[in-house]
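What you see below is based on every heavy atom in this structure, not just the backbone, and it leaves out hydrogens, waters and symmetry mates.
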Amino acid sequence: MGPPLLNWPGAAGPAVRNVAAMTVGFVGLGVMGQPMALNLARAGTELIVWNRTPERAGPLRAAGATVAADVAGVFAEAQTVIMMLANDQVIDSVLGRGTDGFAKLVAGRRVVHMGTTAPAYSGGLAADVTAAGGSYAEAPVSGSRGPAETGDLVVMIAGGDPGLEDLLRPMCREIVRCGAVPGALLMKLAVNTFLISMVTGLAEAFHFAGRHGLDPGTLLTALDAGPMASTVSRVKGRKLRDQDFEVQAALRDVLYNSELVVDAARRAGIASPLLDACRELYAEAAAAGYSGADMAAVVRAFDARSR
């Protein structure tokens, strides 16, 4: 007789078997995933983690988490597995999607997708996980490395049960319910539309001021004192003032997100003129060698376009 079943009210998929009920898996320990997982570990979550680059797991081991040798080890020990992976191709590769191993991996498991992918992709993944006997939820986040480190992310959830919110609470300051899958990823793209256009506009303002010989510190003071000031404008404004492009939100990731927004808009027959322009600027900055820099480095695209 197999292990008992644990029902998750409202979960997208069948009941999940009660194996390692108190253990949570976390896959993907990149710029965002590592601090997110650390906040879970520090909150007392019994955690098992894995990352393709093993050294990224070092701080998690020091915080008391178990480090798995492979993805299968995570799914073998954890009932709920959180994924914070770069894109859909990485997710499919890690999960072995499209192979016989996929169903064996996710059956009886709750899979929580916290990265950013196309909404249509997430809908397809949800269907495949459910068909394989698992359950699925989206929980993309709004925020960069700084908020990830301090537990101040905003998490958008689609699918899953109320208990999922309690699990994710140590990583965030706010949780927003967005209905059924893929509602959370659509919401994330809507949020990113504003964020990307705002930071790109800020970069253009610093470029404009600089080319007119204005002091960037004075511009920052004027912005900070005005009604448009925000946490984002203050953080990115200081980066632009100081020409500090140490990564918080990588430019390559912002380009990827811009492409997701534009693609989703095209699929729905929606105009996206601001994001069309932003996508071109981030692509130019990436091609100029700033792919791994902070998104504030988009200012280099403005520099290249000016005489």
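Minimum interatomic distance between Gly183 and Ala158 (heavy atoms only, all atoms of both residues): N-CB, 4.1 Å. Nearest heavy-atom pair across Ala285 and Ala297 is CB-O, 4.0 Å. Closest approach of Gly25 and Val74 over heavy atoms only: CA-CG1, 3.6 Å. The two residues Phe26 and Gly28 make their nearest non-hydrogen contact at CE2-O, 3.2 Å. Pairing each heavy atom of Ser230 with each of Met198, the nearest pair is OG-SD, 4.4 Å. Shown here for Gly30 and Pro35, the closest heavy-atom pair between the two residues is O-CD, 4.0 Å.
Between the side chain of Gln34 and the backbone N or O of Arg56 there is at least one donor-acceptor pair closer than 3.5 Å. At distances below 3.5 Å, at least one donor-acceptor pair connects side-chain atoms of Thr130 with backbone N or O atoms of Ala126. With hydrogens and angles ignored, the 3.5 Å screen pairs no side-chain donor or acceptor of Glu138 with any backbone N or O of Ile157. Between the Ser122 side chain and the Pro119 main chain, no donor and acceptor come within less than 3.5 Å of each other. Side-chain atoms of Thr99 come within 3.5 Å of backbone atoms of Gly96 as a donor-acceptor pair (strictly under, hydrogens ignored). Proximity of a side-chain donor or acceptor of Tyr256 to a complementary backbone N or O of Thr116 within less than 3.5 Å is detected. Judged by distance alone, the side chain of Ser291 and the main-chain N or O of Ala287 form no donor-acceptor pair under 3.5 Å. No side-chain donor-acceptor contact under 3.5 Å links Thr45 to the backbone of Ala41. Here the side chain of Asn51 pairs a donor or acceptor atom with the backbone of Leu29 at under 3.5 angstrom. A donor-acceptor pair under 3.5 Å links the side-chain atoms of Thr193 to the main chain of Leu189, judged by distance alone.
Expressed to the nearest 0.5 Å, how far CG of Leu202 lies from OG of Ser197 amounts to 11.5 Å. Separation of atoms CD (Glu174) and SG (Cys172) is listed at 8.0 Å; rounding is to 0.5 Å. Here Leu195 contributes atom CG and Ser142 contributes atom OG; the two are 6.5 Å apart, rounded to the nearest 0.5 Å. To the nearest 0.5 angstrom, Arg211 atom CZ is 13.0 Å from Leu214 atom CG. Atom-to-atom distance recorded for Asn192:CG and Leu260:CG is 8.5 Å, nearest 0.5 angstrom. The CD1 atom of Ile82 sits 7.5 Å away from the CG atom of Leu47 when rounded to the nearest 0.5 Å.
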Query raised in the report: Can you list the steps and then say if Asn257 with Ile196 is a side-chain contact (heavy atoms from CB on, under 4.5 Å)?
Result: CA-CA 9 Å; Asn257 277 266; Ile196 294 168; 4.1 Å; yes
Report task. Take Leu219 and Leu223, measure what side-chain contact (heavy atoms from CB on, under 4.5 Å) needs, and give me the verdict at the end. Result -> CA-CA 6 Å; Leu219 172 60; Leu223 291 170; 4.0 Å; yes
Query raised in the report: Would Arg279 and Val254 satisfy side-chain contact (heavy atoms from CB on, under 4.5 Å), going step by step from the backbone distance to the final call?
Result: CA-CA 9 Å; Arg279 179 181 59 172; Val254 177; over 6 Å; no
Requested in this report: Could you go through the side-chain contact (heavy atoms from CB on, under 4.5 Å) check for Ser233 and Met228 one step at a time?
Outcome: CA-CA 8 Å; Ser233 73; Met228 297 172 293; over 6 Å; no
Requested in this report: Just do the salt bridge (charged side-chain N to carboxylate O under 4.0 Å, His left out) check on Asp224 and Arg238 with the steps written out, would you?
Outcome: CA-CA 10 Å; Asp224 283 353; Arg238 279 154 180 74; 2.9 Å; yes
Would you give me the side-chain donor-acceptor pairs under 3.5 Å for residues 59-71, sequence neighbours excluded?
from, atom 1, to, atom 2, distance (Å)
Asp70, OD1, Ala72, N, 3.4
Asp70, OD1, Gly73, N, 2.8

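For Arg300 and Asp303, the salt-bridge test passes: some basic side-chain N is under 4.0 Å from an acidic carboxylate O. For Glu246 and Lys239, the salt-bridge test fails: no basic side-chain N is under 4.0 Å from an acidic carboxylate O. Note on Arg97 versus Asp128: salt bridge recorded, some NZ/NE/NH1/NH2 to OD/OE distance being below 4.0 Å. A salt bridge is defined here as a Lys NZ or Arg NE, NH1 or NH2 lying under 4.0 Å from an Asp or Glu carboxylate O, and Asp276 with Arg266 meets this definition. Using a 4.0 Å cut-off between charged nitrogen and carboxylate oxygen, Arg267 and Asp263 count as a salt-bridge pair.
The only option from Ile48, Ile91, Val90, Val81 that meets the side chain to side chain contact (heavy atoms under 4.5 Å, CB included) definition with Val27 turns out to be Val81. Of the residues Met156, Met83, Met171, the one that meets the side chain to side chain contact (heavy atoms under 4.5 Å, CB included) test with Met114 is Met171.
A 4.5 Å side-chain heavy-atom check between Gln79 and Arg110 finds every atom pair outside the cut-off. Residues Glu259 and Val262 form no side-chain contact, since every pair of their non-hydrogen atoms from C-beta on lies 4.5 Å or further apart. Using a 4.5 Å heavy-atom threshold, the side chains of Val299 and Tyr290 count as separate. In this structure, the side chains of Leu220 and Arg234 stay at 4.5 Å or more apart for every pair of heavy atoms. At least one side-chain heavy atom of Leu95 sits under 4.5 Å from a side-chain heavy atom of Leu105. In this structure, the side chains of Val155 and Val176 stay at 4.5 Å or more apart for every pair of heavy atoms. Side-chain contact between Met295 and Gln248: absent, with no pair of heavy atoms (C-beta onward) separated by less than 4.5 Å. Counting heavy atoms from C-beta on, the side chains of Asp92 and Phe102 never come closer than 4.5 Å.
Met187 and Leu153 are assigned to two separate hydrophobic clusters, defined by single-linkage of ILVMFWY side chains at heavy-atom distances under 4.5 Å. By the criterion of side-chain heavy atoms lying less than 4.5 angstrom apart, applied directly or through intervening Ile, Leu, Val, Met, Phe, Trp or Tyr residues, Leu251 is not grouped with Leu240; the two fall into different hydrophobic clusters. Under a hydrophobic clustering in which Ile, Leu, Val, Met, Phe, Trp and Tyr are joined whenever their side-chain heavy atoms come within less than 4.5 Å, directly or via other members, Val232 and Val298 fall into the same cluster. Grouping the Ile, Leu, Val, Met, Phe, Trp and Tyr side chains by contacts below 4.5 angstrom, directly or via other members, places Ile175 with Met36. Connection of Leu185 to Leu164 is not established within any shared hydrophobic cluster, with ILVMFWY side chains joined at heavy-atom distances below 4.5 Å, either directly or through further cluster members.
Glu77 and Thr23 are not linked by any side-chain donor-acceptor pair at a separation below 3.5 angstrom, with hydrogens and angles left out of the test. Between the side chains of Thr200 and Tyr282, at least one donor N or O sits under 3.5 Å from an acceptor N or O.
Taking the six-membered ring where the residue is Trp, Tyr136 and His113 present tilted rings, their angle falling between 30° and 60°.
Annotation: Gln243, atom CD; neighbour count of heavy atoms from other residues, nucleotides and ligands within 6.0 Å is above 12. The environment of Arg145 atom CZ is dense: over 12 non-hydrogen atoms of other residues, nucleotides or ligands sit within 6.0 angstrom.
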